[in-house]
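Structure record follows, encoded as structure tokens.
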Amino acid sequence: MDKLLLGLVLICSLHSFGQEYEFGKISKEELLEQSYPLDSAANAAVLYKSKKIRYKYDKEQGFVLITEVHKRIKLYNKNGFDYATEEMFLFDSNGVKEKMLGLTGKTYSISGDDIVETKLKKEGVFKVADSDYINKVSFTMPAIKEGSIIEFKYKILSPFSRSIDRLLLQYDIPIKKIKISLAIPEYYNFRKRTSGFLPINIKESSDRQSDLFLGNSIDYNVTKYQIDSENVPAFKKEPYSGNYKNYISTLSFELQSTQFPYSSITNYGTTWGAIARGAFKDSRFGGAMKNNKYFKDDIDQLVSEISNPLEKTKLIYEYVKDKITWNNRNALIPRKSMKKVYQEGIGNAAEINLMLIAMLKYAKINVKPILVTTNDKPLSMFPTIQGLDYVLARVRINDDILFLDATDKYGEPNVLPNRVVHGLGRLIAESGNSEMIFFRPSKISKKQNILMCEMGSDGNVRGRQRIKHTFYEAHDFRIKNTLKKEEEQRKRIGDLYSLQNISEYKISNLKDIGKPVVESFAFETSDEVEVIDDELFFSPLLFLRNRENIFKSNERLYPVDLGYGVSKSYSVNIKIPEGYEIIEKPDDMGLKLSDDIGSFMFRMKVVGNTIQISVKETLNVPLVMEQYYTELKTFYDLLIQKESDQIVLKKI
């Protein structure tokens, strides 16, 4: 049998449990367990999870969706303590809201020969508004320590019976036992979809139920779904995972229609055309793009003398960026009036970018909205407004396309924040036409390094380095480093290259959005050259070389999501000490990945007493598909090996 298939069969035994986990019944053996038997590297493991979803008829509200959760987690070490925090997101729309009831939690630990229990208290539970329509309830289990087991259970009552939350069947820690059950009345017609790489065995059965409708007792069918799994492996987060929730194993339900007793059928299955038309008709969304009274005079003054549409676009874009500050909330719909946002100078993503669109429309610019699923949400497999959480502007000027996001103070046209770049968009028109938009750029970002140095016979190296960041490299650099003081910048450089002596640090264009960011500094190091008798040994790129391959796994089941293609170049000039000659040096080398995904070039020559090294490593694509992973891993193995090859100098 194929080894991979056999492994999946062994680790994902999908069968009914003979044992039910009773809340509060913890064994000493579980508490004494030092590591998870099937994954010794796991910092924590879900020992048991039960999720029961069912419908209950209420004569006032109609059908109410009831979700009961029971979860037990083992914390093997301090790195697993994050799993002692649980978050629930409860929907709230115009006073109709989901409620959490019956929250009970305990932490269990060993003290001597005794099991010590600590209860979760009410003051340890927090509720905050997470977005315009979502309240977040969170708690952290008390008195945790290495080896503790935490356990909690709660119930959620939802009047939003048409929406079943996406069910996670896998986590980034292993699951010993998981049990999912759903019971759906015949009045709801759902389409189910699975995602991920693990086999999912869904058992389906039917039952009968009885309720009172309008005073009459009615029997109806209930479709039941059951998933019982054991030893589910952890989803392995890899470097450049993007949003790993897009690849983890899940079960989703999309409502197609309902038909209740004494009622006709109501269809809910939607299309992107219906979503587009609905957005423009919505007074909060479509109306926000038409309302121009509150800014009209200001925009007239800003662009009245400008006829060039590109110049107009950039002026209005920068105006909104400067005037309105993002409140760090993703949103598809404005929460406040646009006039109030304009006056207060702060708003969510929808408020800011719909205002930008309204201003561009007023200035007679060809602009359309893009509905976005950011990297904070899993991509939906079907058209749904619930899968969207952001708005962008798209401008077309002749054949030029500009994507604009005014929430990003460091952004520029076609340079977007990571939350958007790693997401997916849907360009919509009032007619209902729509188009899928990928935000990952085709243009390559660059990081250019120029290093000039002089080597002493004692192995000490002194010199200067210049680093130039362009396009997305410059954008990301600004986000991470603009607010840092000079001392923090020097420390960052020192930590990055393991350099102790950094001086004369300078940075240019940091606040000049659109220009490359340029850093320069002087350095001195004695750690890059090994001196043995009358010979000097060192790697050609000194402290600039890649030291470790970040791609460690032997296989990968999902893409390498870089966000954008990048080219890193290194020009290194090393003046060797007087009285020394080169007796050993690396050969030149070139590598190419299949389908022009990437390349690597290493060149070295000697001019007088100076070694000149030129290295360029490039990944041309923002997304490397999983079938190329093995080749990519080998590519970096060879690259690192070449950059680690030694130059040997010998005293004449």
Side-chain angles (χ1 to χ4, degrees), residues 78-79 81-82 237 239-241 318 321-322 324-329 345-346 375-376 405-412 415-422 445-454 460-529 539 541-548 550 562-564 566-572 615 617 643:
K78 291 180 179 178
N79 292 328
F81 285 4
D82 286 348
K237 289 183 182 178
Y240 299 108
S241 291
E318 291 297 333
K321 280 173 57 182
D322 291 340
I324 314 296
T325 297
W326 184 44
N327 61 11
N328 293 317
R329 288 189 175 182
I346 187 167
N375 200 39
D376 295 330
D405 183 355
T407 70
D408 185 2
K409 298 296 185 184
Y410 304 112
E412 55 186 290
V415 177
L416 304 169
N418 284 336
R419 59 183 172 272
V420 174
V421 172
H422 289 273
S445 299
K446 295 180 180 179
K447 185 176 181 180
Q448 299 170 316
N449 296 267
I450 298 175
L451 190 150
M452 311 284 290
C453 64
E454 183 175 350
N460 196 44
V461 181
R462 297 182 182 88
R464 295 191 64 84
Q465 184 180 355
R466 182 177 184 270
I467 312 168
K468 183 179 179 182
H469 311 261
T470 68
F471 199 34
Y472 270 94
E473 283 286 314
H475 172 263
D476 290 355
F477 182 93
R478 288 186 172 99
I479 289 176
K480 295 174 184 176
N481 300 300
T482 294
L483 300 180
K484 290 180 180 176
K485 297 178 180 178
E486 184 177 328
E487 183 59 35
E488 293 176 291
Q489 300 285 25
R490 286 203 302 270
K491 183 180 185 304
R492 174 183 58 81
I493 291 289
D495 292 343
L496 178 63
Y497 297 122
S498 299
L499 293 172
Q500 301 300 319
N501 298 311
I502 300 290
S503 61
E504 301 177 42
Y505 179 84
K506 294 180 181 179
I507 189 165
S508 304
N509 303 332
L510 187 60
K511 296 182 180 180
D512 296 329
I513 309 300
K515 292 184 179 180
V517 176
V518 180
E519 301 178 273
S520 64
F521 59 88
F523 67 88
E524 182 175 350
T525 179
S526 57
D527 296 332
E528 297 299 328
V529 181
S539 298
L541 292 184
L542 300 173
F543 54 80
L544 296 178
R545 71 187 185 276
N546 290 281
R547 298 173 187 266
E548 186 179 11
I550 62 171
L562 304 167
Y564 52 87
V566 64
S567 178
K568 298 179 182 179
S569 62
Y570 306 88
S571 177
V572 178
V615 174
E617 56 180 89
E643 292 183 356

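Note that these values count all heavy atoms, side chains included, but never hydrogens, waters or copies made by symmetry. For the single chain, residues carry numbers from 1 onward in sequence order.
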#### Entry: side-chain hydrogen bond (donor to acceptor under 3.5 Å, both in side chains) assessment of Asn481 paired with Glu488
CA-CA 9 Å; Asn481 300 300; Glu488 293 176 291; over 6 Å; no

Quick check for you: to the nearest 0.5 Å, what is the distance between [X] atom [atom1] and [Y] atom [atom2]?
X: Phe521; Y: Lys506; atom1: CZ; atom2: NZ; answer: 14.0 Å
X: Ile346; Y: Arg329; atom1: CD1; atom2: CZ; answer: 9.5 Å
X: Ser520; Y: Arg466; atom1: OG; atom2: CZ; answer: 8.0 Å
X: Asn460; Y: Cys453; atom1: CG; atom2: SG; answer: 10.5 Å
X: His469; Y: Ser445; atom1: NE2; atom2: OG; answer: 12.0 Å

### Message
Can you confirm whether the side chains of Arg464 and Ser503 place a donor and an acceptor under 3.5 Å from each other?
### Response
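Side-chain D/A pair, Arg464 to Ser503: absent.
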
Pairing of [X] and [Y] as salt bridge, 4.0 angstrom limit:
X: Lys491; Y: Glu487; result: no
X: Lys568; Y: Glu473; result: no
X: Glu318; Y: Lys321; result: yes

Given side chains that start at C-beta, do those of [X] and [Y] come closer than 4.5 Å, heavy atoms only?
X: Ser498; Y: Asp527; value: no
X: Leu544; Y: Gln465; value: yes
X: Thr525; Y: Asn501; value: no
X: Tyr240; Y: Ile550; value: yes
X: Leu541; Y: Val615; value: yes
X: Phe523; Y: Ile493; value: no
X: Asp476; Y: Tyr410; value: no

Specify the closest pair of heavy atoms between [X] and [Y], including all atoms of both residues, with the distance to one decimal.
X: Ile513; Y: Glu412; answer: CG2-CB, 4.1 Å
X: Pro516; Y: Asn509; answer: O-ND2, 2.8 Å
X: Ile324; Y: Lys409; answer: O-NZ, 3.0 Å
X: Arg547; Y: Leu542; answer: NH2-O, 4.3 Å
X: Ile467; Y: Lys447; answer: CG2-CE, 3.9 Å
X: Asp408; Y: His475; answer: OD2-NE2, 2.6 Å

#### Entry: Donor-acceptor under 3.5 Å (Tyr564 side chain, Val421 main chain)
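It does not hold such a pair.
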
### Message
Determine whether a donor-acceptor pair (N or O, by modelled atom type, separation under 3.5 Å) exists between the side chain of Glu643 and the backbone of Arg545.
### Response
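No.
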
### Query
Quick one: which of Arg478, Lys484, Lys480 gives a side-chain contact (heavy atoms from CB on, under 4.5 Å) with Thr482?
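When Arg478, Lys484, Lys480 are each tested with Thr482, the side-chain contact (heavy atoms from CB on, under 4.5 Å) holds only for Arg478.
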
### Message
Just to verify, what does Tyr497 make a ring-ring contact (aromatic ring centres under 6.0 Å, His included) with, not counting sequence neighbours?
### Response
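Partners of Tyr497 under the ring-ring contact (aromatic ring centres under 6.0 Å, His included) test: Phe543.
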
#### Entry: Test log, rule side-chain contact (heavy atoms from CB on, under 4.5 Å), inputs Ile450 and Tyr570
CA-CA 6 Å; Ile450 298 175; Tyr570 306 88; over 6 Å; no

#### Entry: Gln489 and its side-chain hydrogen bond (donor to acceptor under 3.5 Å, both in side chains) partner, picked from Lys485, Arg492, Glu486
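Answer after filtering Lys485, Arg492, Glu486: Arg492.
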
### Task
Determine, step by step, whether Glu519 and Lys468 satisfy the salt bridge (Lys or Arg N to Asp or Glu O under 4.0 Å) criterion, reporting the C-alpha distance in whole Å, the side-chain angles of both residues, the deciding distance to 0.1 Å, and the verdict.
CA-CA 7 Å; Glu519 301 178 273; Lys468 183 179 179 182; over 6 Å; no

### Task
State which residues pass side-chain contact (heavy atoms from CB on, under 4.5 Å) with Ser567; sequence neighbours excluded, sorted by chain then number.
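If we apply the side-chain contact (heavy atoms from CB on, under 4.5 Å) test to Ser567, skipping adjacent residues, the hits are Ile444, Lys446, Lys616, Thr618.
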
### Task
Please list, chain by chain and in numerical order, all residues satisfying salt bridge (charged side-chain N to carboxylate O under 4.0 Å, His left out) with Glu524, sequence neighbours excluded.
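So Glu524 forms a salt bridge (charged side-chain N to carboxylate O under 4.0 Å, His left out) with Arg462.
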
### Task
Check the pair Val420 / Asp405 against side-chain contact (heavy atoms from CB on, under 4.5 Å), numbers first and verdict last.
CA-CA 9 Å; Val420 174; Asp405 183 355; 4.0 Å; yes

